[in-house]
Amino acid sequence: MNLSEQEIVRREKLAKLREMGIDPYPAALYPVNNTTAKIKADFKEDKQVIIAGRLMSRRIQGSASFAELQDADGRIQVYFNRDEICPGEDKSHYNDVYKKLLDIGDIIGIEGTLFTTKVGEMTVMVNNFTLLTKSLKPLPLPKTDADGNTYDGFVDPEMRYRQRYADLVVNPQVKEVFVKRTKMFNAMRTFFNDREYFEVETPILQPIPGGAAAKPFITHHNSLDIPLYMRIANELYLKRLIVGGFDGVYEFSKNFRNEGMDRTHNPEFTAMEIYVAYKDYNWMMEFTEQLLEYCAVAVNGSTTSTFGDTQIQWKAPYPRVTMTDAIKQFTGFDITGKSESELFAFAKANHIDVNPTMGKGKLIDEIFGEKCEGNFIQPTFITDYPKEMSPLTKEHREHPELTERFELMVCGKEIANAYSELNDPIDQRERFEAQAALADRGDDEAMFIDQDFLRALEYGMPPTSGLGIGMDRLIMFLTNNPSIQEVLFFPQMRPEKTVTVELNEDEQAIYDLLLKQETMELDALKDASGLSNKKWDKAVKGLTGKKVAKVAKTDDGLFISAV
RNA sequence: GACUUGGUAGCUCAGCUGGUAGAGCAUAACACUUUUAAUGUUAGGGUCCUGGGUUCGAGCCCCAGCCAGGUCACCA
């Protein structure tokens with residue numbers, strides 16, 4: 001391992017601590033009875049507290065020192081005084097352990113007494129401290145001044161995502177996002193559970209990936225010797241449960257799509273899907289706007305949230321615009337009753353990237369996506385999508401070329417998608433067959449025919465409305481983060497290059513021998529290694545090439561030494 | 001996938017028409033018992049992402065690659 005100067009120093013401190021009989025990684029529990037936040041909320045002079053956390057800053061002034069301790073709730077100032085910690089003759093606990101052997105980042109426990117300093121800072125006077133974990137790697141520590149301005153922030157996105165643990169330690173605002181994320185999940189659960197909908201779990205490994213148009217990840221089950229797919233959606237399983245007699249089921253579903261990654265797409269992401277029997281999409285719109293208002297308040301304490309330059313108003317109700325009206329509004333073009341060629345001509349004339357393989361539905365979708373979608377900033381329901389684009393949706397009760405579907409647009413992006421669910425098994429079979437035809441033409445995202453799902457529908461699924469919400473995107477809007485990576489603890493990244501030098505078997509064997517002796521005569525090492533001439537030559541060249549060993553020629557002969 | 005920006009000390013960043021690699025914080029040493037971006041003095045710390053090329057000489061110029069960010073496309 002290549003250690004930096006600071007890492008070496010910390011390892012030396014670790015050894016010294018052990019010499020002094022201090023276990024840097026003790027096993028025993030530490031009897032914490034307070035947190036920094038609780039102390040601040042209920043501050044009483046002279047109160048005794050036991051807290052634990054990470055040492056985050058130190059200001060040493062001889063035989064006294066101020067420091068900051070950070071726990072899960074925040075930070076508090078702590079005051080180390082030599083005579084307080086070491087009342088007797090032996091001052092080593094302060095002079096050596098605290099001043100010399102502790103580092104920023106170490107996790108310590110503190111028994112202390114609350115007091116207020118001259119300048120009015122709530123502070124814990126340390127009566128005794130215990131090292132709980134020695135930190136061997138320096139934290140990328142930003143400094144914050146009295147006005148809350150941050151200097152030398154840990155901001156490199158690559159390092160922040162790869163080392164989220166460090167990001168969370170030093171960037172409190174990052175933690176805040178994830179606290180909000182969990183608040184949102186909890187709020188949704190509460191909202192659904194209060195209405196007696198039932199949280200369920202359905203398979204992630206699916207023999208047929210259904211419920212959405214997307215490329216799946218494929219894997220293999222050895223015992224069964226069959227391919228399995230990581231789910232791209234859980235829709236068809238939840239509907240099976242409605243067939244089975246549940247009135248309302250929901251699931252927070254980790255979905256997996258083998259597609260591109262960008263600011264708004266991660267290969268695995270979380271959707272929430274809920275299905276409620278005996279409802280339609282009109283009911284679902286009301287339900288959705290109430291849900292989102294509820295969540296916005298739970299997360300931010302307000303029905304408005306800021307995203308970039310815009311204030312999003314989450315207060316229900318939201319406007320409802322049919323797709324036809326939306327297109328009319330932004331292009332002046334009425335798609336009602338238009339033929340495929342008329343739609344194609346219009347799209348072409350408006351410089352929309354279309355091709356002749358596109359059907360009516362796809363053309364309409366392109367026109368909407370290009371000319372309208374981005375204009376819906378405040379939450380708006382877009383309703384009544386073309387049938388061709390929606391193979392799981394019930395035909396519109398008045399317009400047979402449309403479906404009873406809505407998407408909720410916020411800041412020009414879709415965050416929710418809902419239908420009056422198609423429950424006519426014969427219609428569903430025909431829609432699947434149309435998808436299969438698309439697949440035959442080479443559409444690798446067309447849906448598979450799921451015979452078991454059709455069998456379920458044949459038993460009869462009550463009229464049902466379903467809703468899917470992209471949880472990651474929703475939390476992006478509620479926490480003002482334009483990138484999905486900021487709302488996932490561990491966003492997908494390309495594997496890191498291994499920085500450490502990797503040695504092959506022969507090289508490692510020679511290197512181990514070499515380490516015992518530091519420097520050896522070349523021939524002696526060769527004999528010790530027992531390798532053939534050829535292998536020996538290759539291994540030594542490997543070692544010198546990787547700069548872990550070097551060969552030197554002196555008057556006494558050739559010598560090799562570890563670097 | 002295309003374009004674009006970046007990769008230099010533990011962290012944040014400088015760097016000259018191409019000539020011995022810099023700062024702040026962090027680290028180490030000394031001083032300092034109510035400070036708070038503590039302070040003062042001193043010191044150490046670098047495969048300048050990788051591999052080629054041009055050159056007497058490359059962190060800098062050229063080519064290829066790797067990783068990341070952004071924009072667009074694809075995708076929802």
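Just so we're clear, the structure is a prediction, and the values are computed from it rather than from any experiment. Note: hydrogens, waters and symmetry copies are ignored here, and every other heavy atom, side chains too, is used. Residue numbers start from 1 in every chain, and the chains themselves are labelled A, B, ... in the order their sequence lines are given, proteins ahead of strands.
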Round to a whole Å and report the spacing from [atom1] of [X] to [atom2] of [N].
X: A/Lys13; N: B/A26; atom1: NZ; atom2: P; answer: 13 Å
X: A/Phe154; N: B/G69; atom1: CZ; atom2: C1'; answer: 15 Å
X: A/Lys134; N: B/U27; atom1: NZ; atom2: P; answer: 11 Å
X: A/Glu158; N: B/G7; atom1: CD; atom2: C1'; answer: 8 Å
X: A/Met159; N: B/C49; atom1: CE; atom2: P; answer: 13 Å
X: A/Asp156; N: B/G10; atom1: CG; atom2: P; answer: 14 Å
X: A/Asp106; N: B/A26; atom1: CG; atom2: C1'; answer: 14 Å
X: A/Met56; N: B/C11; atom1: CE; atom2: P; answer: 15 Å

Output the single nucleotide from B/G10, B/G69, B/A28 whose closest atom is nearest the side chain of A/Ser4.
B/G10
Which one, B/A28, B/A29, B/G10, comes nearest to the side chain of A/Asp103?
B/A28
Evaluate the side-chain contact (heavy atoms from CB on, under 4.5 Å) criterion for residues A/Leu114 and A/Asp46: first the C-alpha distance (whole Å), next the side-chain angles of each, then the deciding distance (0.1 Å), finally the verdict.
CA-CA 5 Å; A/Leu114 304 189; A/Asp46 297 327; over 6 Å; no
Taking [M] as the reference, what is the distance to [N] when you measure between their [atom1] atoms (whole Å, please)?
N: B/G40; M: B/C32; atom1: C1'; result: 9 Å
N: B/A9; M: B/C48; atom1: P; result: 10 Å
N: B/U50; M: B/G10; atom1: P; result: 14 Å
N: B/A37; M: B/C11; atom1: C1'; result: 15 Å
N: B/C67; M: B/U20; atom1: P; result: 34 Å
N: B/G45; M: B/A23; atom1: P; result: 13 Å
N: B/A26; M: B/A38; atom1: C1'; result: 15 Å
N: B/A21; M: B/C60; atom1: C1'; result: 12 Å

Given that both distances must come in under 3.5 Å, which nucleotide forms a Watson-Crick or G-U wobble pair with [N]?
N: B/A9; result: none
N: B/G51; result: B/C63
N: B/U4; result: B/G69
N: B/U20; result: none
N: B/U39; result: B/A31

Report the C-alpha separation of A/Arg82 and A/Glu84 in whole Å, then their side-chain angles, then the decisive distance to 0.1 Å, and conclude whether the salt bridge (charged side-chain N to carboxylate O under 4.0 Å, His left out) test is met.
CA-CA 5 Å; A/Arg82 186 178 63 197; A/Glu84 193 66 39; over 6 Å; no
Report the C-alpha distance between A/Ser65 and A/Tyr94 in whole Å, list the side-chain angles of each, state the deciding distance to 0.1 Å, and finish with yes or no for side-chain contact (heavy atoms from CB on, under 4.5 Å).
CA-CA 10 Å; A/Ser65 167; A/Tyr94 179 83; 3.7 Å; yes
Side-chain donor or acceptor of A/Asp472 paired with backbone N/O of A/Thr270 under 3.5 Å
yes
Does A/Glu289 reach the main-chain N or O of A/Tyr318 with its side chain, forming a donor-acceptor pair under 3.5 Å?
yes
For each nucleotide in nucleotides 70-76 of chain B, reading 5' to 3', give B when a protein heavy atom comes within less than 4.0 Å of its base, S when such contact involves only the sugar-phosphate, and - otherwise.
SS--BBB
Would you mind building the protein contact string for nucleotides 32-39 of chain B? One character per nucleotide, 5' to 3', B for base within reach (heavy atoms under 4.0 Å), S for sugar-phosphate only, - for untouched.
BBBBBBB-
For A/Arg162, which contact category applies under a 4.0 Å heavy-atom criterion: base, sugar-phosphate, or nothing?
sugar-phosphate
Could you give me the CA-CA distance, side-chain angles and deciding distance for A/Glu7 and A/Arg11, then say whether salt bridge (charged side-chain N to carboxylate O under 4.0 Å, His left out) is met?
CA-CA 6 Å; A/Glu7 289 171 310; A/Arg11 278 168 168 76; 5.2 Å; no
Full working for salt bridge (charged side-chain N to carboxylate O under 4.0 Å, His left out) between A/Asp71 and A/Arg54:
CA-CA 6 Å; A/Asp71 65 10; A/Arg54 219 182 261 277; over 6 Å; no
Quick check: A/Tyr79 with A/Phe115 (ring centres under 6.0 Å apart)?
yes
Centroid-to-centroid, A/Phe406 to A/Phe381, below 6.0 Å?
yes
Going by the angle between their ring planes, with limits at 30° and 60°, are A/Phe453 and A/Phe432 parallel, tilted or perpendicular?
perpendicular
In terms of ring plane angle, is the pair A/Phe256 and A/Phe217 parallel, tilted or perpendicular, where the classes change at 30° and 60°?
perpendicular
